[in-house]
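All values below come from the heavy atoms of this structure, side chains included, with hydrogens, waters and symmetry mates left out.
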Amino acid sequence: MKTNAFQDLIWNFYKSYKRDFAWRETTNPYYIFISEVCLQQTQTSRVVEKYAELIQKFPTVKTLADAPFIEVLRVWSGLGYNRRAKYLQESAKIIIEKYNGEFPNNIELLDELPGIGVNTAAAIVVYSFNIPTVFIETNIRRVFIYHFFENEEAVSDTEILKLVEQTLDTKNPREWYWALMDYGSYLSKVVTNPNRKSKNYAKQSKFEGSVRQVRGSILKVLLSEGSITKIELIKKVSGNKNHFDTALTQLLSEKFIMRKGRKITLQ
């Protein structure tokens, strides 16, 4: 498909079927930072409510940086991948301490923040500052594989990124990426997942019965109980309890939780 025809296809779809999200109604880098961390590995339908809760509870980067971590985790609870809540606050503290509360419009600097990564950093730059920047994520990958790599397997992101750059609307990158995202989301519902042809494709492991499920359950119990003995904690935790010791050790080493005498509590 030629570049102009591809761009016309994406823009025409967007004009008719664009989605509305609260984070698309702002150029505030802090709000966009919140939304992009929430959207990592999480569907938009689950993020909408939590995004609203997070910015209501922590309206500025300073309020997030200064909050007790237990409050951040309490609001985050339900989004999964709880490390992101920790990264969110750690990044906020760096923004306050290193950048006086101002988000840099530089991918390399944003990429240095905990849990951000180059693609999330680039998305923050595009959506906050409308700077033409090349990046890739699940929906973008799906769109380009579907239209440009129909008969290929093991497609690399390097190959895709070349096309992302060639087709980028440099005058309006912010809205162009929204259009790509919306079209990619549409494709996920109507065709067999093109991302299976990606060299980086890996089927997500099951949550049920996993260490991740037990980790989440431990944190949920501690949010409810405050502090609790290990014996009582294991009684209340759901999931495969064979993973309990592994999950507990991970959470202790990552400083989500700590021991206080005979009891375990959140940091």
Side-chain angles (χ1 to χ4, degrees), residues 1-21 23-24 32 35-48 80-81 84 107-108 110-111 115-127 130-210 212:
M1 178 177 282
K2 293 183 179 180
T3 297
N4 289 343
F6 176 73
Q7 289 175 324
D8 288 344
L9 171 72
I10 301 301
W11 279 128
N12 287 335
F13 177 88
Y14 181 69
K15 286 173 185 175
S16 298
Y17 302 106
K18 68 178 180 180
R19 298 178 295 175
D20 294 318
F21 297 113
W23 52 86
R24 291 186 179 180
I32 290 167
S35 70
E36 287 301 313
V37 175
C38 288
L39 287 163
Q40 291 173 341
Q41 298 176 287
T42 306
Q43 293 179 338
T44 52
S45 58
R46 291 178 60 201
V47 171
V48 170
Y81 296 99
R84 291 181 297 166
I107 294 173
E108 288 75 20
L110 290 170
D111 186 23
I116 296 301
V118 66
N119 290 318
T120 299
I124 293 169
V125 167
V126 170
Y127 298 137
N130 209 29
I131 296 173
T133 308
V134 175
F135 72 95
I136 192 169
E137 62 79 68
T138 300
N139 279 314
I140 294 172
R141 187 180 290 111
R142 182 180 295 119
V143 171
F144 281 89
I145 290 178
Y146 180 73
H147 281 288
F148 294 95
F149 299 95
E150 182 181 0
N151 299 315
E152 297 186 37
E153 299 291 337
V155 181
S156 71
D157 281 357
T158 301
E159 295 174 272
I160 296 171
L161 283 167
K162 290 177 184 176
L163 291 168
V164 175
E165 184 172 18
Q166 289 171 19
T167 57
L168 179 62
D169 187 322
T170 57
K171 293 182 179 178
N172 190 6
R174 178 188 290 125
E175 204 158 12
W176 170 248
Y177 276 112
W178 289 345
L180 282 175
M181 298 289 186
D182 290 356
Y183 184 62
S185 176
Y186 161 76
L187 285 180
S188 72
K189 300 175 178 69
V190 297
V191 301
T192 301
N193 187 6
N195 283 340
R196 293 180 181 179
K197 297 180 180 181
S198 168
K199 195 173 184 178
N200 297 325
Y201 179 75
K203 193 172 182 179
Q204 190 175 35
S205 58
K206 290 183 179 179
F207 177 73
E208 290 295 326
S210 67
R212 187 159 62 89

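The salt bridge (Lys or Arg N to Asp or Glu O under 4.0 Å) pairs that include a residue from residues 134-153 are Arg141-Asp157, where partners are two or more places apart or lie in different chains.
In terms of the side-chain contact (heavy atoms from CB on, under 4.5 Å) criterion, residue partners of Ser156 (sequence neighbours excluded) are, by chain and number, Thr158, Glu159, Lys199. Partners of Ala123 according to the side-chain contact (heavy atoms from CB on, under 4.5 Å) rule, which considers only residues two or more places apart in sequence or in another chain, are Glu36, Tyr127, Phe135. Every residue two or more places apart in sequence or in another chain that forms a side-chain contact (heavy atoms from CB on, under 4.5 Å) with Arg196 is listed here: Thr192, Asn193, Tyr201. By the side-chain contact (heavy atoms from CB on, under 4.5 Å) test, Ile131 pairs with Asn105, Val125, Phe129, Thr133, sequence neighbours left out.
To the nearest 0.5 Å, the span separating CD1 on Ile140 from CG on Asn119 amounts to 8.0 Å. Put simply, CG on Leu168 and CD on Gln7 are 8.5 Å apart, with the number rounded to the nearest 0.5 Å. Rounding to the nearest 0.5 angstrom, the gap separating the CD1 atom in Ile136 from the CG atom in Leu161 is 5.0 Å. Residue Phe144 holds its CZ atom at 14.0 Å from NZ of Lys162, rounded to the nearest 0.5 Å. Expressed to the nearest 0.5 Å, how far CG of Leu39 lies from CE of Met181 amounts to 8.5 Å. Between Arg84 atom CZ and Cys38 atom SG the span is 7.0 Å, to the nearest 0.5 Å.
Residues Val164 and Tyr177 have side chains in contact (heavy-atom distance under 4.5 Å, counting atoms from C-beta outward).
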Intermediate values then yes/no, side chain to side chain contact (heavy atoms under 4.5 Å, CB included), Phe21 and Val47: CA-CA 10 Å; Phe21 297 113; Val47 171; over 6 Å; no
- prompt: Step by step, would you call Thr3 with Leu163 a side chain to side chain contact (heavy atoms under 4.5 Å, CB included)?
  reply: CA-CA 9 Å; Thr3 297; Leu163 291 168; over 6 Å; no
query: Given Thr167 and Ile10, is the side chain to side chain contact (heavy atoms under 4.5 Å, CB included) satisfied, shown in steps?
result: CA-CA 11 Å; Thr167 57; Ile10 301 301; over 6 Å; no
Counting only pairs under 3.5 Å, give me each side-chain donor-acceptor contact of residues 12-20, with atom names and distances, residues two or more places apart or in other chains.
{"residue": "Asn12", "atom": "ND2", "partner": "Asp8", "partner atom": "O", "Å": "3.0"}
{"residue": "Tyr14", "atom": "OH", "partner": "Glu175", "partner atom": "OE2", "Å": "3.2"}
{"residue": "Arg19", "atom": "NE", "partner": "Asp182", "partner atom": "OD1", "Å": "2.7"}
{"residue": "Arg19", "atom": "NH1", "partner": "Ser185", "partner atom": "OG", "Å": "3.3"}
{"residue": "Arg19", "atom": "NH2", "partner": "Asp182", "partner atom": "OD1", "Å": "2.9"}

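Aromatic pair Phe6/Tyr183: centroids not less than 6.0 angstrom apart.
Panel note: side chain Gln40, backbone Gly115; a donor-acceptor pair is recorded below 3.5 Å. Here the side chain of Asn195 pairs no donor or acceptor atom with the backbone of Ser198 at under 3.5 angstrom.
Phe148 CZ: more than 12 foreign heavy atoms inside a 6.0 Å radius. Within 6.0 Å of CZ on Phe149 lie more than 12 heavy atoms contributed by other residues, nucleotides or ligands.
Nearest heavy atom pair, residue Asn139 against residue Gly184, reads OD1-C, 3.2 Å.
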